[in-house]
**Student:** 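Mind looking over this structure? Questions follow.
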Amino acid sequence: MTRNSYNNDLVFKIVEIKEDKVILKGMNVRLLADAVIDDLKKHDDEDIEEEKDFLDRLETCVNLDRNDYFYLPGKILHIDSDKEYLSRCLDYYKKINIWAMGINEKEEEVADNIIELLEEYKPNIVVITGHDAYNKRKGKIDDIKAYKSSEYFAKAIANARKYEGSHEKLIVIAGACGSYYEELIKAGANFASSPKRINIHALDPAIVAAKMSLSNINKDIDLKEILDKTKYGKDGIGGIITKGTMYVGYPR
């Protein structure tokens, strides 16, 4: 389904019907929305090929010399409030042979549990994501109370930094559609969404996590190159230059 009032820009599926309103979830963007039934239009699948091209590019973005060397990618803990998107991200990690543990948890619960999860799984990278949005009726763009989940994300990041203060020893990737980017970076994230307060792809946090997992632990990352791998680039996710988390060994 698409929404006529938004020029049919995004594709959704219906997750719930409430009298004359429906609750929608983005097929490929991390967005929950509502709409009146009369505003909906059946989607004709014309953008499926574009989405397939994007996913195909992801599978070819890992280039490792597997003849002589062996690799120990960084471990990922992926915490996601959306069970369906979490499953898609875990499938992506599996395809490119990265160890990842997925936890389905509501945004407001992550801060209370994250230290325990970090102690249990001891990841190199933690992803904290789900759903978010800026609502201008609730406040200005620099008011964290005007965001659906950014305050929860910021608290979870701050607690993760109590566990490990070094941005090199624990990579934190946080946020969702329209999140308060600056506040998440200030809280201690290495990467966060969304600099331009736009929607992000369901896989964007996983793409960044995977690139960090497969980047050399002794070298600074190419920040622009990593962001360019995401669906919406620097408008959707930003971050800081840091080192990767992968050890390289020889001989294989």
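As a basis for the values below, the full set of heavy atoms in this structure was taken, side chains included, without hydrogen atoms, waters or symmetry mates.
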**Student:** Check whether any side-chain heavy atom of Lys243 lies under 4.5 Å from a side-chain heavy atom of Asn216, and answer yes or no.
**Tutor:** no

**Student:** Just by distance, do the side chain of His167 and the backbone of Gly188 share a donor-acceptor pair under 3.5 Å?
**Tutor:**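 Yes.
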
**Student:** Please report the interatomic distance CG(Asp235) to OG1(Thr230), rounded to the nearest 0.5 Å.
**Tutor:**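 That separation rounds to 9.0 Å.
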
**Student:** Ignoring hydrogens, what is the shortest heavy-atom contact between Tyr93 and Ala209? Give both atom names and the distance.
**Tutor:**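 In terms of heavy atoms, the two residues are closest at OH-CB, 3.7 Å.
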
**Student:** Between the side chain of Ser215 and the main-chain N/O of Gly244, is any donor-acceptor distance below 3.5 Å?
**Tutor:** no

**Student:** Quick check: do Leu117 and Ile103 have side-chain heavy atoms less than 4.5 Å from each other?
**Tutor:** yes

**Student:** Identify the residue among Tyr71, Phe70, Tyr69 that makes a ring pair (Phe, Tyr, Trp, His ring centres under 6.0 Å) with Tyr250.
**Tutor:** Tyr69

**Student:** Which atoms form the tightest heavy-atom contact between Glu164 and Leu170, and what is the distance?
**Tutor:**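 Where Glu164 meets Leu170 most closely, the heavy atoms are CG-CB, 3.6 Å.
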
**Student:** Without swapping roles, check the side chain of Lys122 against the backbone of Glu119 for a donor-acceptor pair under 3.5 Å.
**Tutor:**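 Judged by distance alone, yes, a pair lies under 3.5 Å.
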
**Student:** Of all the heavy-atom pairs spanning Leu184 and Ser193, show the shortest one and how long it is.
**Tutor:** CD1-O, 3.7 Å

**Student:** List the steps and the verdict of side chain to side chain contact (heavy atoms under 4.5 Å, CB included) for Glu183 and Glu151.
**Tutor:** CA-CA 9 Å; Glu183 197 66 23; Glu151 188 170 15; over 6 Å; no

**Student:** Identify whether Ile237 and Ile207 are in the same connected component of the hydrophobic contact network (ILVMFWY, side-chain heavy atoms under 4.5 Å).
**Tutor:**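 Yes, one cluster joins them.
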
**Student:** Does the side chain to side chain contact (heavy atoms under 4.5 Å, CB included) test come out yes or no for Ile125 and Lys75, once each step is laid out?
**Tutor:** CA-CA 6 Å; Ile125 301 159; Lys75 294 166 58 179; over 6 Å; no

**Student:** Which atom pair, heavy atoms only, marks the closest approach of Ser194 to Ile198?
**Tutor:**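 Taking Ser194 first and Ile198 second, the nearest heavy atoms are OG-N, 2.8 Å.
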
**Student:** Is there a continuous path of hydrophobic side-chain contacts, each under 4.5 Å between heavy atoms, that joins Met212 to Ile96?
**Tutor:**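 Yes, Met212 connects to Ile96 through the hydrophobic network.
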
**Student:** Has the side chain of Asp82 got a donor or acceptor atom that lies under 3.5 Å from a matching backbone atom of Gly130?
**Tutor:**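 No, because the side chain of Asp82 does not come within donor-acceptor range (under 3.5 Å) of the backbone of Gly130.
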
**Student:** Are any non-hydrogen side-chain atoms of Ile200 and Pro205 less than 4.5 angstrom apart?
**Tutor:** yes

**Student:** To check you understand the geometry: which heavy-atom pair defines the closest contact between Thr242 and Glu168, and what is its length?
**Tutor:** OG1-OE1, 3.0 Å

**Student:** From Ile79 CD1 over to Phe153 CZ, what is the distance, rounded to the nearest 0.5 angstrom?
**Tutor:** 10.5 Å

**Student:** Would you call Glu225-Lys211 a salt bridge at under 4.0 Å N-O?
**Tutor:**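 Yes.
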
**Student:** Take a 6.0 Å sphere around OH of Tyr152 and say whether it holds more than 12 heavy atoms from other residues, nucleotides or ligands.
**Tutor:** no

**Student:** With a 6.0 Å cut-off (strictly less than), is the heavy-atom count around OH of Tyr247, excluding the residue itself, greater than 12?
**Tutor:**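 No - once you tally the heavy atoms of other residues, nucleotides and ligands closer than 6.0 Å, there are 12 at most.
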
**Student:** To the nearest 0.5 Å, tell me how far Glu109 CD sits from Ile114 CD1.
**Tutor:** 13.0 Å

**Student:** When rounded to the nearest 0.5 angstrom, what is the spacing between NZ in Lys169 and CD1 in Ile217?
**Tutor:** 10.5 Å

**Student:** Using 0.5 Å steps for rounding, measure from the CG atom of Asn104 to the NZ atom of Lys106.
**Tutor:**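 NZ of Lys106 is found 10.0 Å from CG of Asn104.
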
**Student:** State yes or no: do Tyr121 and Leu86 share one hydrophobic cluster built from I, L, V, M, F, W and Y residues joined by side-chain heavy-atom distances below 4.5 Å, directly or via other members?
**Tutor:**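 Result: no, two separate clusters.
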
**Student:** Is there a side-chain contact between Ile171 and Thr245 (heavy atoms, below 4.5 Å)?
**Tutor:**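 Side chain of Ile171 against side chain of Thr245, heavy atoms only: contact under 4.5 Å found.
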
**Student:** For Lys234 versus Pro195, what's the shortest heavy-atom pair and its separation?
**Tutor:**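 What the structure gives for the nearest pair is O-CG, 3.3 Å.
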
**Student:** Side chains of Cys89 and Leu203: closer than 4.5 Å at any heavy-atom pair?
**Tutor:** yes

**Student:** So, the side chain of Thr129 versus the backbone of Gly175: is there a donor-acceptor pair under 3.5 Å, distance only?
**Tutor:** yes

**Student:** Does a sphere of radius 6.0 Å around CD1 in Ile241 hold more than 12 heavy atoms from other residues, nucleotides or ligands, not counting ones at 6.0 Å or beyond?
**Tutor:**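 Not more than 12 within 6.0 Å, no.
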
**Student:** Treating Ile, Leu, Val, Met, Phe, Trp and Tyr as nodes and any side-chain heavy-atom pair under 4.5 angstrom as an edge, say whether Val126 and Ile173 lie in one connected cluster.
**Tutor:**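 The answer is no; the residues belong to distinct hydrophobic clusters.
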
**Student:** Below 4.0 angstrom, N of the basic side chain to O of the carboxylate: do Asp204 and Lys231 qualify?
**Tutor:** no

**Student:** Is a donor from one side chain sitting under 3.5 angstrom from an acceptor on the other, for Tyr147 and Arg197?
**Tutor:** yes

**Student:** Is the number of heavy atoms from other residues, nucleotides or ligands under 6.0 Å of Glu16 CD greater than 12?
**Tutor:**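 Atom CD in Glu16 is crowded, with more than 12 foreign heavy atoms closer than 6.0 Å.
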
**Student:** Rounded at 0.5 Å granularity, tell me how far CD in Glu120 sits from CD1 in Ile115.
**Tutor:**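 It is 14.0 Å, given to the nearest 0.5 Å.
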
**Student:** Regarding Asp132 and Ser179, is there a side-chain donor-to-acceptor distance under 3.5 Å anywhere?
**Tutor:** yes

**Student:** Can Leu214 and Ile98 be said to form a side chain to side chain contact (heavy atoms under 4.5 Å, CB included), step by step?
**Tutor:** CA-CA 8 Å; Leu214 295 168; Ile98 293 174; 3.9 Å; yes

**Student:** Short question: side chain of Ser150, backbone of Tyr180 - any donor-acceptor pair under 3.5 Å?
**Tutor:** yes

**Student:** Step by step, work out the side chain to side chain contact (heavy atoms under 4.5 Å, CB included) result for Ile128 and Val172.
**Tutor:** CA-CA 8 Å; Ile128 307 166; Val172 179; 4.2 Å; yes

**Student:** Taking the side chain as everything from C-beta on, heavy atoms only, tell me whether Ile141 gets closer than 4.5 Å to Lys136.
**Tutor:**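 In short, these two side chains do not touch, never coming nearer than 4.5 Å.
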
**Student:** Among the clusters formed by ILVMFWY side chains lying less than 4.5 Å apart, do Phe191 and Tyr163 turn up in the same one?
**Tutor:** no

**Student:** I'd like to know if the side chain of Tyr85 pairs up with that of His131 as donor and acceptor (distance under 3.5 Å, no hydrogens or angles considered).
**Tutor:**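 Short answer, no.
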
